[in-house]
There are 2 protein chains.
Amino acid sequence: MKPKLTLKHIAKELDVSISTVSKALRDSKEIGEDTRQKIKAFAKLYNYKPNNIALSLKNRKSKTIGIIIPEIVHHFFTTVISGVEKVANELGYNVLVCLSGNSFDKEVLNMEMLANGSTDGFIMSLAKETMQKQDYHHLEEAINQGMPLVLFDRVVDEIACDKVIIDDVIGAKKAVQHLIKIGCKKIALISTVDYVIVGKLRTQGYKKALEENGLSIDEELILKIEEIEDSEKKIGNFLKGKDVDGVFAVNEHFAISAIKALQENGKKVPGDVSVIGFTDGELSKRFIPSLTTVSQHGERMGEEAARMLIEKLERDVEEIENYKTIIVETELVVRNSTKHY
Amino acid sequence: MKPKLTLKHIAKELDVSISTVSKALRDSKEIGEDTRQKIKAFAKLYNYKPNNIALSLKNRKSKTIGIIIPEIVHHFFTTVISGVEKVANELGYNVLVCLSGNSFDKEVLNMEMLANGSTDGFIMSLAKETMQKQDYHHLEEAINQGMPLVLFDRVVDEIACDKVIIDDVIGAKKAVQHLIKIGCKKIALISTVDYVIVGKLRTQGYKKALEENGLSIDEELILKIEEIEDSEKKIGNFLKGKDVDGVFAVNEHFAISAIKALQENGKKVPGDVSVIGFTDGELSKRFIPSLTTVSQHGERMGEEAARMLIEKLERDVEEIENYKTIIVETELVVRNSTKHY
DNA sequence: TTGTAAGCGTTATCAG
DNA sequence: CTGATAACGCTTACAA
C-alpha cells in the first residue's frame with residue numbers, strides 16, 4: 001500500500017521546494033521551462049492528484065452539493081437526483097445525498113452535518129414533518145451562514161430562496177380538463193391532506209377545471225389521504241358504489257388503487273371510468289391499462305436546481321438577493337387508462 | 001450573513017489560546033473547570049460546530065463513504081443506498097453518491113475524483129461496460145492506496161475485496177423449483193446476456209433446478225436479452241406460439257413483458273402459465289396479477305456493505321488481508337402470477 | 001492549568 | 001526564476 005503522493009513528496013524527490021512544484025503543476029510562468037517539464041513529467045508518471053480536502057480547506061469551498069430528500073426509494077426523487085448529478089458532474093461538483101426519512105429532526109441533523117464544510121449549498125425537498133411543524137429555522141440558519149439553498153417540489157413560501165416547482169395547479173387542471181373533454185361529468189379527486197403542498201395545489205387545479213367548465217364541485221367526490229399505508233383500503237371504500245366516470249389521483253399509487261377498486265366493483269377502465277394519475281414512473285408505464293398521467297420531468301427539475309445552486313456558488317460577489325422560482329412544465333401523457341375520443 | 005464560528009474566534013473573544021478552546025471543548029482535564037465551563041457555555045451559546053473539512057485534513061479521513069452505482073432511477077439500487085445510508089448515518093458517516101451510467105470511463109473518473117480525499121472507501125456495483133472490458137485497474141488502484149472497497153451485486157472474482165451478493169443460483173433454483181412444484185413442465189427462462197454476472201448465475205440456478213427434478217434443458221426455451229430497450233418486443237416474439245406453462249424471468253421488467261405477451265397470445269396468468277420474476281419492486285407488488293418474485297433484500301445488502309466497509313475503516317491496524325463475501329439470502333415471495341396448489 | 005508550535009496538503013504573497 | 005512563509009481550521013505534543 002503506497003500512500004498518496006503529495007506535493008511534498010515530489011518536492012523532496014526532485015529537490016525543489018513545495019511551492020515550486022505547486023506552481024509548476026498549475027503552469028505558472030514564474031517557473032522555468034525545464035523545471036516545469038521535469039516536475040510535470042514526474043507528476044504524470046506517478047499519477048499525482050491534488051488532495052481535495054486540502055483544497056477545500058484552502059479555498060473554503062468543497063465543490064460538493066448536498067441533497068436532502070425525504071426518501072430515495074421513490075421514483076420521482078431518483079429522477080431529480082439523476083438530474084442534479086448530471087449537471088453537478090459536468091460542472092465539477094460532487095453530490096452528497098442525505099435522507100430525512102420525512103423526519104424533521106433528521107432533516108435538521110443532516111443539514112447541520114453537511115453545513116460544517118462538507119457542502120457548499122443545498123438542494124432539498126422538505127420532510128413531511130417539517131411542513132407540518134412549519135419550523136424552518138434550519139433552513140434560515142443555512143441561508144444566514146451564506147449557504148445557498150434551492151428547494152424543489154416540497155417548497156414553502158416562508159423561506160426566501162431559489163425554488164424549482166412544477167405547475168401543479170395547471171398540471172392538475174390539464175388532467176381534469178382532459179377528463180372533461182372525453183366526456184366525464186362526475187370526476188372524483190383522490191388527493192393528499194392539505195399540508196402536503198402539492199396535494200393542495202393539485203386540488204386547486206381540480207376545482208378550477210371543474211369551475212371553468214361549469215361543473216359543480218362535490219365534496220363527496222373528494223378524498224384526502226393522510227397515510228400511504230392504508231390508502232388502498234381507503235380508496236376502495238371511497239369508490240365503493242360511487243357513481244363516477246372519471247378519477248384524478250395525485251400520484252401513481254392512488255391512481256392504481258383506484259383502478260383496482262373500480263375493477264373490483266365491476267367497472268371497466270377506461271370503458272366506464274377514465275383514470276388519470278400524476279408522476280410518470282414505471283408503474284404508470286407498465287401497468288395494464290397503462291396510466292394516463294401528468295408527467296413531472298424530475299430530471300429537468302434536478303438539472304435546473306443544480307444549475308441555479310451552482311450559479312449562486314460561483315459568483316462570489318455578494319449581490320443583492322435575487323431569488324428565482326423556476327416552474328418546470330408538466331406534460332399530460334395520454335395512455336390507456338383514459339377513454340380516447 | 002455571519003461567517004462560521006471557529007476556534008480562533010472563540011479564543012479571541014474569551015481571550016484564551018486556540019488550543020485551550022480546543023481542549024476545553026473536548027473535555028480535556030488539562031483545562032481548569034472554570035475556563036472549561038466558560039468556553040463550553042460560549043460555544044453552546046453561539047452554536048459552535050467544528051469544521052469537517054479541517055478535521056478531515058487533520059485526521060486524514062473524511063468520514064464519508066462513496067457509492068458508485070450504474071444508475072439511480074432503479075428500485076433495487078435505491079434500496080441498497082437506503083440501507084447504506086442508514087448504517088452510515090448511525091455510525092457518523094456521510095454518503096457521497098456517484099453514477100457511472102454504466103460507462104467504464106465515468107466509473108473510473110468518479111472513482112478518481114472521490115479517491116483524492118473526498119471519501120474513505122467505496123461501495124460499488126460495477127458498470128456493465130466495466131464488466132465487458134474486464135478492466136478493473138481502477139479498483140486495484142484504490143485498494144493499493146489503502147482505500148477499502150466493498151462490491152455488491154455486480155461483483156467480479158478478479159478483485160480481492162469484501163463483497164455482498166445474493167444467492168443468485170439458489171434464488172433462481174428456488175423460483176424454478178416452485179414452478180415445478182405447482183406442476184409446470186415446460187419452463188422458459190428469460191435472462192440477460194452472460195457477462196451480466198447475475199444473469200449468468202440465475203441461468204445456472206434455472207438449469208440446476210430442472211436437472212435436479214429430472215426435467216431436460218431445452219435451449220429453445222431460453223432467451224438472453226442484451227438491451228433492455230427492445231426487450232418487450234424480443235420477449236413477445238420469443239413467447240409467440242411457444243408451448244410453455246411456466247416462465248422464470250431474471251427481473252421484474254422481463255416478467256411483466258412476459259405476462260403481457262402471454263396474455264396477448266390468449267393465455268391466462270396464472271391459469272395457463274405461471275410467471276416468476278426477480279427483485280421485489282413496486283411493479284411486482286402492484287401489477288395485476290401481482291408478481292411472484294424472488295426478493296433481493298437490497299436494504300439488507302446495503303446495510304451489510306456499509307457495516308463491512310466501516311469496520312475496515314475503523315480498525316487502523318493494517319491486519320492481514322481478510323476478505324469476506326456476505327451472501328444475503330433471497331426469499332421467494334409468492335403472489336398471484338403463479339398458480340396456487 | 002494554559003499556551004506555543006508543528007503539522008495535515010495546498011496556494012498565494014512576498015523575498016531572494 | 002525559485003523558495004520561504006503564512007494561512008485555511010483543527011489537534012496534539014511539548015513548553016512554560
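Throughout, a chain's letter reflects where its sequence line sits, starting with A, and its residues are numbered from 1. Only a predicted model underlies this, so the values are computations on that prediction, with no experimental measurement involved.
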Tell me, please, which residues at least two apart from A:Glu30 pass side-chain hydrogen bond (donor to acceptor under 3.5 Å, both in side chains).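 A:Lys23.
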
Just the rounded figure in Å: distance from [atom2] of [N] to [atom1] of [X].
X	N	atom1	atom2	result
B:Ile10	D:dT11	CD1	P	11 Å
A:Asn59	D:dG9	CG	C1'	14 Å
A:Lys29	D:dT2	NZ	P	15 Å
B:Ile53	D:dC10	CD1	C1'	12 Å
B:Lys4	D:dC10	NZ	C1'	14 Å
A:Gln37	D:dC1	CD	C1'	15 Å
B:Lys58	D:dT12	NZ	P	6 Å
B:Leu55	D:dC10	CG	P	7 Å

Counting only side-chain nitrogens and oxygens, does [X] get under 4.0 Å of the OP1 or OP2 atom of [N]?
X	N	value
B:Tyr48	D:dC10	yes
B:Arg26	D:dT12	yes
A:Ser17	D:dG3	yes

In degrees, rounded to 10°, what is the bend between the two ends of the helix from C:dT1-D:dA16 to C:dG16-D:dC1, using five pairs at each?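 The end axes of the helix from C:dT1-D:dA16 to C:dG16-D:dC1 are about 70° apart, to the nearest 10°.
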
Plane angle bin for A:Tyr46 and A:Phe42 - parallel if under 30°, tilted between 30 and 60°, otherwise perpendicular: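 Answer is tilted, since the angle falls between 30° and 60°.
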
Identify whether the distance between the nearest side-chain nitrogen and carboxylate oxygen of [X] and [Y] falls below 4.0 Å.
X	Y	value
B:Arg307	B:Glu311	no
B:Arg36	B:Glu33	yes
B:Lys106	A:Glu85	yes

Need one value for [X]: base, sugar-phosphate or nothing, where a base atom within 4.0 Å counts as base even if backbone is also close, heavy atoms only.
X	result
A:Ser19	base
B:Ser56	nothing
A:Ser22	base

Testing B:Thr64, B:Asn94, B:Asn52 one by one against A:Ser118 for a side-chain hydrogen bond (donor to acceptor under 3.5 Å, both in side chains), which residue passes?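 That would be B:Asn52.
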
On DNA chain C, reading 5' to 3', which nucleotide is the first and which the last to sit with an atom under 4.0 Å from a heavy atom of chain B, could you check?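 Contacts span C:dT1 to C:dG9, reading 5' to 3'.
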
Checking the side chain of A:His9 only, and the main-chain atoms of A:Thr6 only, is there a donor and an acceptor separated by less than 3.5 Å?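 Looks like yes, one N/O pair under 3.5 Å.
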
Between A:Lys23 and B:Ile18, whichever has its closest DNA chain C nucleotide further toward 5' is B:Ile18

Which of these passes side chain to side chain contact (heavy atoms under 4.5 Å, CB included) with A:Lys312: A:Glu314, A:Met308, A:Arg315?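 One option only clears the test, and that one is A:Arg315.
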
Taking the side chain as everything from C-beta on, heavy atoms only, tell me whether A:Val95 gets closer than 4.5 Å to B:Val97.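 Result no, sub-4.5 Å side-chain heavy-atom pair not found.
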
Going by heavy atoms in the side chains, are A:Tyr136 and A:Leu126 under 4.5 Å from each other? yes

